[in-house]
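Take a look at the structure below.
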Amino acid sequence: MPTLDPAALLSARYGPGPSAVLSVPGRVNLIGEHIDYHLLPVLPIAIDRRIQIAFRRREDRRIRAASDVFGDREFDWTPRLQASPAGDWENYLKAAAMAVQQKWELRAGIDVAVVSDLPPAAGLSSSSALLTGITLALLRANGVDANFEELMQVLPEGEYFVGTRGGGMDHAAVLACRQDCALLIHFAPVSATPVPIPPDLAFLVAHSLTTAEKSGGARAEYNARRTAGSSGLRQLGFDSFAEALAQHSVGDLKAMAASRLRDPEQRCFRHVITESGRVTRAVEALEHGDGMTLGSILNASHVSLRDDLRISNADLDELVVAATASGALGARLTGAGFGGCAVILCRANELEKVRAGVVERYYARRSGFVPEVHLLAAKPCAGALYL
Ligand code: GLA
């Protein structure tokens with residue numbers, strides 16, 4: 001997908017002059033789904049599709065932003081910003097401005113130009129990448145070189161302005177991933193540890209061609225999963241999942257849930273504790289270069305997301321089956337669910353075979369498939385802080 005040069009777009013819109021450029025990749029979660037908001041570790045990778053932002057400082061408080069796709073916006077950076085209509089990308093600019101002012105007293109506005117080859121609404125975190133990119137641009141234009149921990153204090157919270165109450169996985173991944181590595185992210189306290197991906201393993205990200213409407217019912221469903229997990233935890237008398245898992249084995253916790261919780265609390269609680277164990281085992285499998293084990297862990301995660309958390313759909317289930325039938329080592333839905341993408345693990349030397357198999361078994365029966373948007377080789381790349 002050809003993209004414009006962001007500095008050229010900035011000059012075309014706002015006049016010639018010096019500018020700085022930064023870039024923020026998308027992300028795909030390998031494992032640890034719907035547990036980041038319970039503050040349990042997750043394991044995503046950043047991918048080689050990105051948002052690029054050219055920016056320059058202004059001497060007033062105006063924020064002006066140009067996008068080749070979404071159009072141009074501008075507003076004054078006042079302490080209290082009113083949300084724009086739902087779905088307007090101006091909300092991401094405002095969310096970034098609000099995130100920054102949670103922690104820093106800054107008010108020099110910026111001119112920015114944004115270009116992207118990261119497909120929007122595809123479960124690849126284009127919205128967190130945009131929020132993160134504008135936040136970094138505002139900070140850097142004001143001379144602030146914020147570190148990972150500081151950014152993680154404001155970014156997940158900042159996203160609430162655009163209406164999502166996710167966890168911190170997406171921001172951590174797009175900031176702190178390293179080339180050829182997955183990132184083991186802990187949240188309490190926040191830390192990020194690279195886990196090298198063995199060179200003989202490769203990932204595909206396949207879009208199911210069904211999309212969860214972030215603003216609609218899917219958001220309510222997402223929040224309902226979060227609430228059910230937390231409520232199950234409280235009913236069993238724990239303050240946090242970390243505490244529960246430190247005091248009891250997964251087997252014991254499952255037994256407690258079976259005898260003392262009803263559904264959906266029982267199912268959601270079970271997903272969280274078993275998924276947490278799968279993250280630990282996935283890290284070990286990567287460290288041992290054991291692709292077969294990693295594949296079976298991904299498959300088990302999909303089953304848990306389908307049957308316990310219940311965030312899959314018939315298309316995602318079929319896509320996962322198509323991937324394994326095509327020779328993948330494992331596959332699972334990735335991201336928030338209710339549509340969106342699956343992540344597929346395969347041997348690097350079988351990537352093209354698996355890709356062709358998925359096209360034949362899944363996409364050939366559907367309309368609207370655009371290979372360079374819907375079926376990507378996800379090469380683990382560096383996040384915005386390490387590019
Ligand atoms: C969305 C959220 C993340 C995470 C995933 C599910 O992508 O933004 O924080 O909760 O869903 O794992």
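Numbering of ligands and ligand atoms starts at 1, following listing order. Numbers here are sequence positions counted from 1.
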Legend entry - Any N/O pair Ile35/ligand 1 closer than 3.5 Å: no

Inset, instruction - Heavy-atom contacts with Ala336 under 4.0 Å: which atoms of ligand 1 show up? List them by number with element. - result: 1 (C), 7 (O), 11 (O)

Inset, instruction - For Asp36, counting its heavy atoms only, list the atoms of ligand 1 lying under 4.0 Å from any of them. - result: 3 (C), 4 (C), 9 (O), 10 (O)

Inset, instruction - Using the six-membered ring of Phe75, assess whether NZ or CZ of Arg73 lies under 6.0 Å from its centre and within 45 degrees of the ring axis. - result: no

Inset, instruction - Measure the CZ-CG distance between Arg107 and Leu138 for me, rounded to the nearest 0.5 Å. - result: 10.5 Å

Inset, instruction - State the atoms of ligand 1, each with its element, that fall below the 4.0 Å cut-off from a heavy-atom position in Tyr37. - result: 10 (O)

Inset, instruction - Would you please indicate if the ring centroids of Phe238 and His248 are separated by under 6.0 Å? - result: yes

Legend entry - Contacting atoms of ligand 1, where contact means under 4.0 angstrom from a heavy atom of Arg27: 7 (O)

Inset, instruction - Answer yes if the side chains of Trp77 and Gln101 hold a donor-acceptor pair under 3.5 Å, and no otherwise. - result: yes

Inset, instruction - Before signing off on this row, confirm whether His34 and ligand 1 have an N or O atom pair separated by under 3.5 Å. - result: yes

Legend entry - Per-residue contact class, Glu275 against ligand 1 - non-hydrogen pairs under 4.0 Å: neither

Inset, instruction - Fit a plane to each ring of His34 and Tyr222, take the angle between them on a 0 to 90° scale, and name the class: parallel (under 30°), tilted (30 to 60°) or perpendicular (over 60°). - result: tilted

Inset, instruction - Not counting sequence neighbours, list each pair that qualifies as a ring-ring contact (aromatic ring centres under 6.0 Å, His included) and has a residue in residues 263-290. - result: Phe241-Phe269

